[in-house]
Amino acid sequence: MHPLDLVVLLGTLGFIVIYGALKTRGQKDMHGYLRSSGEKKWWAICLSIMATQASAITFISTPGQAYESGMGFLQIYFGLPLAMIVISAVFIPVFYKLNVYTAYEYLEGRFNLATRQFIAFLFLVSRGLGVGLTLYAPAIILSTILGWNLNLLCVCIGVAVILYIYIGGEKAVSQTQMLQMVVILSGMAMALIMLIKYLPSGVSLKDATYLAGKMGKMQAVDTKFSLDGRYNIWSGLLGGFFLSLSYFGTDQSQVSRYLGGSSVNESKLGLFFNGIVKIPMQFFILFIGVMTYIFFMFHSSPAFFNYKALEKTTLSADVKQQLAAEEKQHNLIEVKRKNAALELLHSRNTAQEATCMDTLRKYEQQDTAIRANVKRIIQKNVPDVETHDTDYVFLTFVLNHMPVGLIGLLLAVMFCAAMSSTAGQISSLASTTVVDYYKRSIKKNASEKHYVNASKASTLLWGAITIGFAVSVSLFENLVQAVNILGSLFYGTILGVFIVAFFFKFVKGAAIFPAAVASEAIIILLYVFSKNIPFLSGATSLLHLTFCQRISYLWYNPIGVVLVVAFSCLFAVLFPTKKEIQIK
């Protein structure tokens with residue numbers, strides 16, 4: 001790395017950490033340490049929510065996913081605006097009325113302590129694993145492509161985050177996230193500008209978008225209904241709605257972002273603008289991935305984007321020869337594909353357009369086959385090297401083609417995103433541990449200072465767990481999908497409990513607790529066994545379609561909600577109790 005890039009990277013990160021620690025030191029009570037003293041304005045809430053959700057995985061993996069499969073991932077966010085409306089109308093007023101520190105406090109008054117702590121436990125499990133992945137994901141990619149030590153990188157990012165959370169609590173998280181979002185959005189904007197600048201002479205942004213559309217990369221909406229289709233408008237609207245409703249309405253890592261608002265209206269505005277801005281921002285990130293695809297249509301690219309991992313591996317002469325032969329073929333096809341793309345642009349709206357399009361697709365298919373063959377060779381001979389290389393696409397462009405100085409800025413984007421998301425999640429894990437377990441069941445009547453110190457100790461504990469998980473986890477097929485899949489296994493059950501709490505007043509704690517446990521068990525079993533359930537092998541085609549193929553993870557959210565509602569209502573009818581404590 002050029003010294004200037006290192007200065008930009010370390011200077012940006014160092015300033016954010018020091019600013020966050022110094023600006024927010026001296027928090028002496030729980031209201032200040034866990035809720036930012038109730039001082040957040042709507043714009044700070046909006047930025048904080050976005051920064052917590054938009055991890056480094058978003059800015060590394062999402063462009064790679066768009067490079068490979070286009071804009072379809074955008075559909076996961078189609079249900080977000082409606083979810084923001086529901087949360088603003090139903091969730092926020094209740095949370096503020098009860099003056100809670102965590103969302104799960106409400107469940108004890110509405111149901112019982114067992115339900116509160118079970119749902120808090122599901123959150124701790126899902127978010128505890130998720131934050132480790134949030135830290136690990138960018139670390140392994142950056143360590144591979146930069147040649148830095150993976151474990152050391154995880155420790156450095158983790159320690160930097162823990163430092164300012166420990167000193168300033170939730171206020172430090174909020175203050176640093178605003179700076180981090182400025183760095184992130186500025187860096188990604190520069191990346192898009194450079195991608196457009198590097199287009200060949202005579203090829204405009206309009207031409208590039210036309211090419212991307214012709215290659216199927218600009219299709220953002222798929223109207224075909226399918227349970228196993230990972231992204232379509234139906235799973236996006238329904239599954240995305242429930243995913244967003246559970247994430248922003250019941251996940252403490254997001255709830256804590258707006259509980260620190262200066263008023264109910266400020267929190268509602270922050271959520272509302274997050275719902276408005278999130279889809280365009282995600283479109284922007286995916287579009288960068290699509291433009292990266294177009295960039296590599298006109299500029300040389302490696303046949304395997306995770307090439308740095310290969311360079312660290314000892315390959316036999318035979319394997320080297322095989323890979324060299326495939327690389328040579330790849331280079332030849334790239335030249336032909338580039339010329340075919342230029343011919344297509346020149347023949348637009350003429351009789352030759354269809355012929356040129358067929359030629360371009362033929363070369364694209366040939367190149368795809370070569371890349372697949374390279375992965376097969378690597379998988380067979382070097383099984384330790386990760387062959388799912390889409391997460392390395394955007395970073396390959398950044399490190400090999402961005403100007404000196406801007407490389408450091410783009411790397412700062414990745415680190416800032418990792419830090420902002422990790423900070424928000426560790427802070428929420430610490431607050432849930434202290435408020436829902438320690439203060440409620442272990443040390444009930446201690447001083448404010450004691451609970452602040454307990455929160456700091458919990459921050460250190462969860463920080464250590466996060467770093468420990470990050471240095472031992474294995475790489476998933478696609479990191480941005482892995483985080484959403486992990487959340488979907490738990491979010492449906494958690495949201496279902498809150499839905500029952502708000503809208504099914506006749507259901508009591510005795511019914512909701514077993515309903516939640518049973519629903520979560522079914523969701524886990526569905527995920528593990530849905531691809532092949534032996535006892536359904538002779539079932540009707542409808543049952544086979546529904547259960548014997550792997551269901552897209554987005555559907556686990558509405559399924560979990562329906563299971564909790566159905567079971568709790570059934571149990572309430574079959575086993576009625578005499579008394580119900582409700583918070584209205």
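Below, each value reflects all heavy atoms present in this structure, side chains not excepted, and no hydrogens, waters or symmetry copies.
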Does the pair M218 and F287 meet the rule for a side chain to side chain contact (heavy atoms under 4.5 Å, CB included), with working shown?
-> CA-CA 8 Å; M218 291 301 295; F287 188 68; 4.1 Å; yes
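- Contact of the V161 side chain with the V173 side chain is not registered, since no non-hydrogen atoms from C-beta on lie closer than 4.5 Å.
- Inter-residue side-chain proximity for C416 and I16 is flagged as met; some heavy-atom pair is nearer than 4.5 Å.
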List the steps, then state whether side chain to side chain contact (heavy atoms under 4.5 Å, CB included) holds for M357 with M215.
-> CA-CA 9 Å; M357 187 68 241; M215 301 306 292; 3.4 Å; yes
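- Under the side chain to side chain contact (heavy atoms under 4.5 Å, CB included) test applied with L47, the options Q177, M178, Q180 reduce to a single match, M178.
- Side chain of S427 to main chain of A423: no donor-acceptor pair is present (N/O by atom type, distance under 3.5 Å, no hydrogens or angles).
- Using a distance-only test at 3.5 Å, with no hydrogens or angles considered, a donor-acceptor pair links the side chain of K217 to the main chain of E68.
- Counting heavy atoms from C-beta on, the side chains of D389 and K375 come closer than 4.5 Å.
- Looking only at distances, no side-chain donor or acceptor of S69 sits under 3.5 Å from a matching main-chain atom of A66.
- Summarising the geometry of I523 relative to L489, their closest heavy-atom pair is CG2-O, 3.4 Å, with the distance given to 0.1 Å.
- Between the OG1 atom in T466 and the CZ atom in R127 there is a gap of 11.0 Å [rounded to 0.5 Å].
- Salt bridge status for R371 with D367: present, with a side-chain N to carboxylate O gap under 4.0 Å.
- The distance from atom OH of Y392 to atom CG of N306, rounded to the nearest 0.5 Å, is 4.0 Å.
- Contact check for K214 versus E353: side-chain heavy atoms found under the 4.5 Å cut-off.
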Please tabulate, for side-chain N and O atoms in residues 334-341, each donor-acceptor pair with protein atoms closer than 3.5 Å (sequence neighbours left out).
residue	atom	partner	partner atom	Å
E334	OE1	S301	N	3.4
E334	OE2	S301	N	3.0
E334	OE2	S301	OG	2.6
E334	OE2	H330	NE2	3.3
R337	NH1	E364	OE1	2.9
R337	NH2	F296	O	3.0
N339	ND2	V335	O	3.3

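- Between L410 and F394 the shortest side-chain heavy-atom distance falls below 4.5 Å.
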Check step by step if side chain to side chain contact (heavy atoms under 4.5 Å, CB included) holds for R348 and D207.
-> CA-CA 10 Å; R348 192 170 11 169; D207 294 330; 2.3 Å; yes
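- Across all non-hydrogen atoms, the minimal contact from A464 to I162 is N-CD1, 4.4 Å.
- Panel note: side chain Q219, backbone G216; no donor-acceptor pair is recorded below 3.5 Å.
- Residue pairs meeting the side chain to side chain donor-acceptor pair (under 3.5 Å) criterion with at least one member in residues 402-422, sequence neighbours excluded: S421-Q425.
- A 4.5 Å side-chain heavy-atom check between L179 and V183 finds every atom pair outside the cut-off.
- The aromatic rings of Y198 and F295 sit tilted relative to each other, their planes meeting at an angle between 30° and 60°.
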Apply side chain to side chain contact (heavy atoms under 4.5 Å, CB included) to the pair L395 and M414, showing each step before the final yes or no.
-> CA-CA 10 Å; L395 273 177; M414 311 305 171; 4.2 Å; yes
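- Between the CG atom in N381 and the CZ atom in R376 there is a gap of 12.5 Å [rounded to 0.5 Å].
- A donor-acceptor contact closer than 3.5 angstrom is absent between the side chains of Q352 and S347.
- Between the CG atom of L411 and the CG atom of L6 there is a distance of 9.5 Å, given to the nearest 0.5 Å.
- Under a cut-off of 6.0 angstrom, the local environment of CZ in F298 is crowded, with over 12 non-hydrogen atoms contributed by other residues, nucleotides or ligands.
- Across all non-hydrogen atoms, the minimal contact from D5 to G408 is OD1-N, 2.9 Å.
- Using a 4.5 Å heavy-atom cutoff, the side chains of M291 and L205 are in contact.
- In plain terms, the two heavy atoms of G70 and L286 that are nearest each other are O-CD2, 4.3 Å.
- The shortest heavy-atom contact between Y77 and I279 is O-CD1, 3.4 Å.
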Could you walk me through whether Y67 and F397 pass ring pair (Phe, Tyr, Trp, His ring centres under 6.0 Å), step by step?
-> CA-CA 12 Å; Y67 173 94; F397 162 73; over 10 Å; no
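- Ring planes of Y491 and Y247: tilted class, angle from 30 to 60°.
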Candidate pair D251 and S253, rule side chain to side chain donor-acceptor pair (under 3.5 Å), full reasoning | CA-CA 5 Å; D251 189 305; S253 68; 2.5 Å; yes
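- At least one side-chain heavy atom of M194 sits under 4.5 Å from a side-chain heavy atom of P403.
- Rounded to the nearest 0.5 angstrom, I467 CD1 and L135 CG are separated by 7.0 Å.
- Applying the ring-ring contact (aromatic ring centres under 6.0 Å, His included) criterion to Y164, with sequence neighbours excluded, gives no partner residue.
- Smallest separation of non-hydrogen atoms from T12 and V8: OG1-O, 2.7 Å.
- How far CD1 of I377 is from CZ of F304: 11.5 Å, rounded to the nearest 0.5 Å.
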